[in-house]
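Structure first, commentary second.
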Amino acid sequence: MQDPSTLASRSPRAVILIDLDCFYAQCEHVRDPALSTTTPVGIQQKNIIVTANYAARLRGVGKLMLVHDALRACPDLAIRNGEDLTHYRAYSKQIWATLRAHFPAPCAIERLGLDEFFIDVTDAPVHPDSETGQLPGDCHAVGDLAGDDLLAVEALVSASWWAHTARHHILTECGFTTSAGIGPSKLAAKLVSSLHKPNLQTVIAPAMVAVYVAGLPFRAIPGLGSSVRKALREHFPTITDSTTVADLTTLLPTAAAWARIAGARVGPTLAALCRGIDSSLVIDTPTTPTQLSVEDAFASPTPSITDLESRLFTLLQSVLARFDTELGAPAVPKSLRVTIRTRSSGFKRTSASAPVVGGLRWRADENAVLRVARGLLRKLVAGGVGGAVDVGDVNLINVALVHFDVPSSSTAAGAAQPTLLAQWARAGPRAAVLDGGGETTGPVHDRAARARLDLNDIAARIRPDLHDDDDVLVLVEHDDAADRMAILMACPFCAASVAPWSWDVHMVAHDADDNID
DNA sequence: ATGGGTCCT
DNA sequence: AGGACCC
């Protein structure tokens, strides 16, 4: 019997990367069908055209071009403002839902930004159209698939048809054209996805991946960012933008050599990627994000702290509105974070955060949230390097709700659930369990801690409203990070250990489960 | 750069 | 709290 996790991480996989063509521009076309695709369209954020449709690209408008330069190249450019991402987010979500509907588990779907989706179709059925061994008509190939390992080729031909199918669904159900890469790894799929655009796809033969990667400019390696590039240039002054991955492999032949440049964690990963080796898995993107943030950059100096606060309040209203409309499941953010950026610090960001106040009812008093945010801003402005930050020097504010506590929803009807006892056992030697009478019902290895704790005492202190509920078990677990005992409550409906302050949210989730039934 | 996100230290 | 990466 094979270990499923070993099986799951086995390489090669069959991976698709779907890339929305000039996503923001297409969103404008989908939203406004009267906007002709032959009209050059640019999307503006501040004084930059961040992306443009293909009509505009043919006229010399590029990505991240100054508006001034874009208009000089293409005076009749139709400009749409893209600073508010709301509808782009909505289209991205619709596309994700479409893919999810057609590629259910065990296919994993991972979103990168708003406009890229990895799909792992290793465990999907063989596509019905792939039986002739032919690729879809719009699918280019890198390398000779026929000459490659037979099973791997069958998988990639099928995956190419699945990519074709996925793109068809996105086009017919959402109205967007896409490009795609198909390969034996995320790396391979990603690197070939941009070879034939727009509205086309490319598959690469497994035997060609290392060869193909070797010929690319080294900055094409995903994960090799500006920091590593700088370190590389410092060690090897001969490196230029046209240095290839093969050149780099000559300079850095081993993982150990890479580790000296890029560190013990990133170095060996980059060494493998440069040889075309990538065993990373497509990971399902969770429906609840880990943070929600809104920011605004401004060019002209803000005259006073009051003006800065007024910007902050607007941003806070905006992030709270997003919280209310976008989160798929009940959630409570653990912290509020405010970030600023100043020109004089070389556009570096500094941030301050505070616990979200009010526990479960944190949204009830918006003014309290607002006061906390203002306190954080004042702390940042007052605490710059060597003294107060000049208010006029601040050119960006970001407000974020971070680290959501989402109640465990692993309670699907009929699913095998670990018993509470199993849960306790898994909590390990530093967990203690108390029942209503104070008797031990689970493994207790920290008797000193247990002796100091009593359910009545805990319940009275933490959740007086639940004090009389005999069904609620209190778990005391060691919080390794904080090096103290943490108090948790055992949900009677599922196997979750729930923090006392998130108990209400957790129960709301179970109510929602009931309503679905 | 913009307006977002991710994960790691 | 910040850094590095991604789009």
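Convention: sequence-line order gives letters A, B, ...; per-chain numbering from 1.
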Distance-only check: which donor-acceptor pairs under 3.5 Å involve side-chain atoms of residues 306-315 of chain A, not counting sequence neighbours?
{"from": "Asp307(A)", "atom 1": "OD2", "to": "Ser304(A)", "atom 2": "N", "distance (Å)": "3.3"}
{"from": "Asp307(A)", "atom 1": "OD2", "to": "Ser304(A)", "atom 2": "OG", "distance (Å)": "2.7"}
{"from": "Glu309(A)", "atom 1": "OE2", "to": "Arg378(A)", "atom 2": "NE", "distance (Å)": "2.9"}
{"from": "Glu309(A)", "atom 1": "OE2", "to": "Arg378(A)", "atom 2": "NH2", "distance (Å)": "2.8"}
{"from": "Thr314(A)", "atom 1": "OG1", "to": "Ser310(A)", "atom 2": "O", "distance (Å)": "3.0"}

Just checking, is any N or O donor in the side chain of [X] or [Y] under 3.5 Å from an acceptor N or O on the other one?
{"X": "Arg341(A)", "Y": "Asn395(A)", "answer": "yes"}
{"X": "Glu28(A)", "Y": "Tyr88(A)", "answer": "yes"}
{"X": "Thr178(A)", "Y": "Arg167(A)", "answer": "yes"}
{"X": "Ser193(A)", "Y": "Asp19(A)", "answer": "no"}

Step by step, would you call Val192(A) with Tyr212(A) a side chain to side chain contact (heavy atoms under 4.5 Å, CB included)? CA-CA 9 Å; Val192(A) 299; Tyr212(A) 179 71; 3.9 Å; yes
For Val356(A) and Leu336(A) the tightest heavy-atom approach is CG2-N, 3.9 Å
For Thr243(A) versus Thr238(A), what's the shortest heavy-atom pair and its separation?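 The pair with the smallest heavy-atom distance is OG1-O, 4.3 Å.
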Contact boundaries on DNA chain B for chain A, cut-off under 4.0 Å to non-hydrogen atoms: dA1(B) to dT9(B)
Using a heavy-atom cut-off of under 4.0 Å over every strand shown, decide if Phe23(A) touches base, sugar-phosphate, or nothing. nothing
In terms of the nearest nucleotide of DNA chain B, which residue is placed more toward the 5' end: Thr290(A) or Lys63(A)?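 Per heavy-atom nearest nucleotide, the more 5' residue is Lys63(A).
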Would you mind telling me which residue lines up with the more 5' stretch of DNA chain B, Arg341(A) or Arg111(A), judged by nearest nucleotide? Arg341(A)
Can you build the contact string for nucleotides 2-7 of chain C? Use B for base contact, S for sugar-phosphate-only contact, and - for no protein heavy atom under 4.0 Å. S-SSSS
For DNA chain C, the residues among residues 76-92 of chain A that have a non-hydrogen atom under 4.0 Å from it: none
Specify the residues of residues 240-248 of chain A, ordered by number, for which at least one heavy atom lies under 4.0 angstrom from an atom of DNA chain C. none
Neighbour count above 12 (heavy atom, 6.0 Å) for [X] [atom1]:
{"X": "Arg219(A)", "atom1": "CZ", "value": "no"}
{"X": "His403(A)", "atom1": "NE2", "value": "no"}
{"X": "His87(A)", "atom1": "NE2", "value": "yes"}

Tested for side-chain hydrogen bond (donor to acceptor under 3.5 Å, both in side chains) against Glu83(A), the lone hit among Gln44(A), Gln45(A), Lys46(A) is Lys46(A)
Would you please classify the geometry between the Phe176(A) ring and the Phe23(A) ring as parallel, tilted or perpendicular, with 30° and 60° separating the classes?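 Phe23(A) vs Phe176(A) ring planes: tilted.
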Could you please spell out the steps behind the side chain to side chain donor-acceptor pair (under 3.5 Å) verdict for His68(A) and Asn47(A)? CA-CA 8 Å; His68(A) 181 258; Asn47(A) 60 343; over 6 Å; no
Can you pull out the residues from residues 41-59 of chain A that lie within a 4.0 Å heavy-atom distance of DNA chain B?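 Under 4.0 Å from DNA chain B: Gln45(A), Lys46(A), Ile48(A), Val50(A).
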May I ask you to test the Ile239(A)-Leu251(A) pair for a side-chain heavy-atom distance under 4.5 Å?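 Yes, side chains in contact.
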